[in-house]
Amino acid sequence: MSEKSSIGKAEITRTLEQLGHILEIAGSSPFKVRAFVNGSRALENWQGDLFQLVGDGNVSSIQGIGKGLASIIEDLVQDGQSEAETEIRALIPESLLQLLRIAGLGPKKVRAIYEKLEIETIDDLEKACKEELIQSLPGFGKTSENSILKGINNLRRFSGRSLIPNAQSVAERFLASVKDAQGVTQAEIAGSMRRNRETIGDIDVLVASLEPEAVRQAFLSTEGIKEVLAEGETKSRVISEEGMGVDLRVIEPKSFAPALHYFTGSKEHNTRLRQRARDRGWKLNEYGLWNEAGEALSTPEEKDIFNLLDLAWIPPELREDNGEIEWAEKLFAEKKSWNELVTADQIQGVLHCHSTWSDGKATLQEMVQAASDMGWSYYGTADHSRTAAYAGGLSIEQLAEQLLEIQKLRKGFPQLTILQGIESDILQDGSLDYPDEVLERLDYVVASVHSSFSMSRKDQTARIEKALRHPCTTVWGHPTGRLLLQRDGYEIDMDHLLKVAAEEGVIVELNAHPRRLDVDWRWGRRIQELGLDVGIHPDAHSTHGLKDVQYGVMAARKMGLSSTQITNCMERDEYLERIKRCHQS
DNA sequence: GCCGTTTTCGGCCCGACTGTTTTCAGTCG
């Protein structure tokens, strides 16, 4: 398959989604619109070698992608462009897509604004609002004009999504303030946070109470509300001062389980479940599950909903319509339940941490003390290698000096096994950063890419493959190099490299830094199929950074992994044996 | 546009809140 085009899967999924939105503004059938958006998601969730799939002419084998979308995808992969795409893009000015990002503006209103006033950009729309041109349009008024101005303002101030720790602190604040409101029996965070998504758009607070008014009062009196967007009897929505949308939903206690399921989502997962209910002549909504006669079935817990639909209970993290429903069906038929997903207290130790020896903020002794305080039984430091000059990479002499310090520390921390590793840059030609005899003296090697991100997919893949095949490589560090909300990862043939890692016994890192969470959870199923071992490593640059393993654990749960698939859930002796095995001279 | 123990047509999930409306369309999750 030719690789002359540089269009990867990520760009194609974005294109399909955009085309859906363009069709929406252009007034296409809502079902056609949904087909594009669904197709985009189906492709995003599908893991494998897209080049291969296109070569085999099998694109429409992906559920949700039919002949039409398959042909667009094939054209994009093979030529970098598609005639159908060009035709759709010609329907409306591209810049109208930006208007959709303004809260309160949907496709119909954007279209009306464009057709009546020929407004194409956010700047022009802002000007029109200030000149009071919008309020005269049919279906608009003075209030809509003001809310559009507010929406534009918010859009400019906030990027839209947040990293998990930032979202957590906002969520905890709002949860705390409704929890003690009068009449509250239960309160939980639902939505993408409960599903452990890698970034969070909105926070969903779900509260069970027969006194919704008291809950609303408590919610709206939470500290740090920038703006109230809606306040109804059972539903309110605000923007926090951090720029996060926070939704409150109050539900009667008897409906808490179906509501928790409903507001946990994902939307796609919910749609599938509601369809499943419909197939039986039933109805599923946030208030409960209803039979043909319209009688509520008993669903005191989430698992009751699943079981009544002949499904095993599905952990919230897995509810992405990513094959979990089919799996739950099988488990239910076999009277089995899901394997227990990994928990943070099962982590026994970590590799891949930094210290002041390279670019860390804490000394090695401080890091070791913190690791000991975490109750771990092994700890590996892996500072940067010599080529990483930007990060104070260690020379061969410094590595030797560091070992002396480690030997001293070992005496002070007899209960903690302290390992000396290195995070070796994978050089441009795929070799590691020290001579083999230096690498062999270390306890382990994390091989990571830190430079030349823009190599072609083919070259980047070959580069990393060479590093993974090096006998000293123990761990493949942050496999894609992505930084969430900052940059995409480098282009690689992930499926191929995972196979290489499996062949070589290399541990695939799940980098737990909340900005990385790399490897992406969407590879979870493939990783399990290949029988790969995953290591959850904090990539800590400070003592506080060690606590980031919790985010790695969240991502591992989202991958569907249990402790037996995580190397650093092993007891010390087994673990030391394991990292020796893939670090042979 | 996608899909099919309704298989090539006729469906396609569901409900709250808002604003501009006199009964509802649009937006959102």
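These numbers were taken from a predicted model, which means no experiment stands behind them. Numbers restart at 1 for each chain; the letters A, B, ... are given by sequence-line order, proteins then strands.
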Would you mind building the protein contact string for nucleotides 21-27 of chain B? One character per nucleotide, 5' to 3', B for base within reach (heavy atoms under 4.0 Å), S for sugar-phosphate only, - for untouched. -----SS

In B/S/- notation (B base, S sugar-phosphate only, - none; protein heavy atoms under 4.0 Å), nucleotides 3-11 of chain B written 5' to 3' is S--------

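In this structure, A:D321 atom CG and B:dC2 atom P are separated by 16 Å, rounded to whole Å. Nucleotide B:dC28 holds its C1' atom 17 Å from the CZ atom of A:R101, rounded to whole Å. Rounded to an integer number of Å, the gap from A:N285 CG to B:dA16 C1' is 12 Å. Between the CG atom of A:L289 and the C1' atom of B:dC14 there is a distance of 14 Å, rounded to whole Å. Rounded to whole Å, the distance from CD1 on A:I239 to P on B:dC28 is 12 Å. Distance CD (A:E231) to C1' (B:dG19): 15 Å, rounded to an integer number of Å. Between the CG atom of A:N38 and the P atom of B:dC2 there is a distance of 11 Å, rounded to whole Å. The interatomic distance linking A:E227 (CD) with B:dC17 (P) rounds to 18 Å, in whole Å.
As rounded to the nearest Å, B:dG1 and B:dT8 have C1' atoms that lie 14 Å from one another. Taking the P atom of each, B:dA25 and B:dT21 are spaced 13 Å apart, rounded to whole Å. Separating the P atom of B:dC9 from that of B:dA16 is a span of 38 Å, rounded to the nearest Å. Rounded to whole Å, the separation between the P atoms of B:dC2 and B:dT6 comes to 22 Å. The C1' atoms of B:dT27 and B:dT20 are separated by 14 Å, rounded to the nearest whole Å. The gap from the C1' atom of B:dT18 to that of B:dT22 amounts to 16 Å, rounded to the nearest Å. When the C1' atom is compared between B:dC3 and B:dT7, the two are found 9 Å apart, to the nearest whole Å. Using C1' as the reference atom, B:dG11 and B:dC17 are 29 Å apart when rounded to the nearest Å.
In summary, A:E17 and A:R14 do not engage in a salt bridge, as defined by a charged side-chain N under 4.0 Å from a carboxylate O. The pair A:R34-A:E24 does not count as a salt bridge, with every side-chain nitrogen at least 4.0 angstrom from each carboxylate oxygen. Residues A:R237 and A:D202 are paired through a salt bridge, judged by an N-O separation under 4.0 Å between the basic side chain and the carboxylate. Salt bridge A:D204/A:K235: absent, no basic N to carboxylate O contact under 4.0 Å.
Judged purely by atom type and a 3.5 angstrom limit, A:R197 has no side-chain atom pairing as donor or acceptor with the backbone of A:S192. A distance-only check finds a donor-acceptor pair linking the side chain of A:S240 to the backbone of A:M244 [under 3.5 Å]. A:R482 places a side-chain N or O within 3.5 Å of a backbone atom of A:R516 that can act as its donor or acceptor partner. Under the 3.5 Å distance criterion, the side-chain polar atoms of A:T271 are matched with a main-chain donor or acceptor of A:K267.
When each of A:W282 and A:T234 is assigned the nucleotide of DNA chain B bearing its nearest heavy atom, the one mapping closer to the 5' terminus is A:W282. Residues A:F36 and A:S236 each lie close to DNA chain B; by heavy-atom proximity, the contact nearer the 5' end of the strand is made by A:F36.
Note: A:W338 and A:W327 have perpendicular aromatic rings, judged against thresholds of 30 and 60 degrees for the angle between ring planes.
Relative to the side chain of A:R249, the nucleotides B:dA16, B:dG29, B:dC2 differ in distance, and B:dA16 lies closest. Listed candidates were B:dG29, B:dC17, B:dG15. Nearest to the side chain of A:A230 is B:dC17. Comparing B:dG29, B:dG1, B:dC17 by their closest approach to the side chain of A:R237 singles out B:dG29. Considering only side-chain atoms of A:K235, the nucleotide from B:dG19, B:dG15, B:dG1 that sits closest is B:dG15. The side chain of A:Y262 sits closest to B:dC14 out of B:dG1, B:dC17, B:dC14. Nearest nucleotide to the A:D204 side chain, out of B:dG1, B:dG29, B:dC14: B:dG29. Comparing B:dG19, B:dG29, B:dG1 against the side chain of A:T143 picks out B:dG19 as the nearest. Checking B:dT20, B:dC14, B:dC2 against the side-chain heavy atoms of A:S144 singles out B:dT20 as nearest.
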Should A:E326 and A:R272 be marked as a side chain to side chain contact (heavy atoms under 4.5 Å, CB included) after you check the CA-CA gap, both sets of side-chain angles, and the distance that decides it? CA-CA 11 Å; A:E326 289 73 13; A:R272 286 287 308 280; 3.0 Å; yes

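Pairing of B:dT8, defined by two Watson-Crick or G-U wobble distances under 3.5 Å, is not identified with any nucleotide.
A:R522 places none of its side-chain heavy atoms less than 4.5 Å from the side chain of A:M559.
Residue pairs satisfying the side chain to side chain donor-acceptor pair (under 3.5 Å) criterion with at least one member in residues 294-304 of chain A, sequence neighbours excluded, are listed as follows: A:R194-A:E302, A:N291-A:E295, A:E302-A:W313, A:E302-A:R319.
Contacts of A:N270 with the nucleic acid, taken as non-hydrogen atoms under 4.0 Å apart, are absent.
Neither OP1 nor OP2 of B:dC28 sits under 4.0 Å from any side-chain N or O of A:K267.
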